[in-house]
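Values below: all heavy atoms of this structure, side chains included; hydrogens, waters and symmetry mates excluded. Numbers here simply count residues along the sequence, with the first being 1.
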Amino acid sequence: MTSFPLKRTVTLPHSRGRVICDACYSPIPQGQQYRRDTWKDGTHHFTIRYCPDCWLILDEVEAHTQPDYGGPDAEDYETWAAAHIDEERSQKWITRAFPDS
């Protein structure tokens, strides 16, 4: 069996109004730039989209959670937020991800 290395491609498109952030599940308004990471390993690929607010803290979340496969997703952001509960950035993420709480 041949093993392919996992390769990340980063693009910075603008929303057409139908994009949802995969880290906080907030809609990304039409015209707003967001980050799209596409991961490929030979035959499989998947995409994770980050709104501007989640994109700003992406490196910190990734360093804290060290995802096994691909970039951090909502579960990784939740783990990071719980560990940094007293920080303003964490509280803002929680408010975006759980607006009814």
Side-chain angles (χ1 to χ4, degrees):
M1 173 184 255
T2 303
S3 177
F4 294 97
L6 193 59
K7 180 182 175 190
R8 172 170 42 189
T9 303
V10 176
T11 56
L12 305 173
H14 288 82
S15 173
R16 292 190 232 160
R18 299 182 301 262
V19 181
I20 302 294
C21 177
D22 292 315
C24 70
Y25 302 117
S26 296
I28 301 171
Q30 185 172 354
Q32 190 170 52
Q33 189 175 34
Y34 65 98
R35 178 176 168 155
R36 179 175 55 210
D37 291 10
T38 302
W39 299 85
K40 298 178 183 179
D41 71 353
T43 57
H44 297 84
H45 74 275
F46 64 96
T47 299
I48 300 177
R49 294 165 295 264
Y50 301 101
C51 70
D53 292 324
C54 289
W55 176 10
L56 284 173
I57 57 176
L58 174 63
D59 290 340
E60 187 174 341
V61 173
E62 194 166 33
H64 178 80
T65 59
Q66 300 177 355
D68 291 336
Y69 190 82
D73 57 14
E75 185 176 317
D76 296 310
Y77 273 79
E78 188 170 1
T79 299
W80 170 83
H84 297 86
I85 196 70
D86 293 332
E87 296 179 20
E88 184 178 351
R89 293 172 312 201
S90 170
Q91 293 170 5
K92 286 183 178 182
W93 180 85
I94 291 168
T95 300
R96 283 194 313 277
F98 303 102
D100 297 331
S101 297

Short side-chain to backbone donor-acceptor contact, Ser90 and Asp86, under 3.5 Å: no

For the hydrophobic clusters of this structure (ILVMFWY residues joined by side-chain heavy atoms under 4.5 Å, transitively), does one cluster hold both Val10 and Leu6? yes

So do the side chains of Trp80 and Glu62 get within less than 4.5 Å of each other, counting heavy atoms only? no

Who pairs with Asp76 by side-chain contact (heavy atoms from CB on, under 4.5 Å), at least two apart in sequence or on another chain? Val61, Thr65, Pro67, Pro72, Asp73

Tell me if the OH atom of Tyr25 is crowded by more than 12 foreign heavy atoms within 6.0 Å. no

Parallel, tilted or perpendicular: which one describes the rings of Tyr50 and Tyr77, with boundaries at 30° and 60°? tilted

May I ask whether Ile57 and Trp55 are part of the same hydrophobic cluster, defined by side-chain heavy atoms of I, L, V, M, F, W, Y residues being less than 4.5 angstrom apart, directly or through others? yes

More than 12 non-hydrogen atoms from neighbouring residues, nucleotides or ligands closer than 6.0 Å to CD on Glu75, yes or no? no

Working to the nearest 0.5 angstrom, can you tell me the gap between Arg36 CZ and Thr9 OG1? 10.5 Å

Return yes if some donor-acceptor pair links the side-chain N/O of Gln91 with the main-chain N/O of Ile85 below 3.5 Å, else return no. yes

Rounded to the nearest 0.5 Å, what's the gap from CG on Asp100 to OG1 on Thr95? Could you check? 11.5 Å

Minimal non-hydrogen separation, Arg18 against Ser15, with atom names: N-OG, 4.0 Å

Measure the CZ-CG distance between Arg8 and Asp41 for me, rounded to the nearest 0.5 Å. 14.5 Å

Would Leu58 and Ile20 show up in the same hydrophobic cluster when neighbours are defined by side-chain heavy atoms closer than 4.5 Å? no

Taking every heavy atom of Cys24 against every heavy atom of Cys51, the minimum-distance pair comes out as SG-SG, 3.8 Å

Ile48 backbone acceptor or donor facing Trp39 side chain under 3.5 Å: no

Step-by-step side chain to side chain contact (heavy atoms under 4.5 Å, CB included) determination, Glu87 to Trp93: CA-CA 10 Å; Glu87 296 179 20; Trp93 180 85; over 6 Å; no

Looking only at heavy atoms, the pair that brings Gln30 and Arg16 closest together is CG-C, 3.8 Å

Is the closest side-chain heavy-atom distance between Arg96 and Cys54 below 4.5 Å? yes

Got more than 12 heavy atoms from elsewhere within 6.0 Å of NE2, His14? yes

Looking only at heavy atoms, what is the nearest atom pair of His64 and Thr79, with distance? NE2-O, 4.2 Å

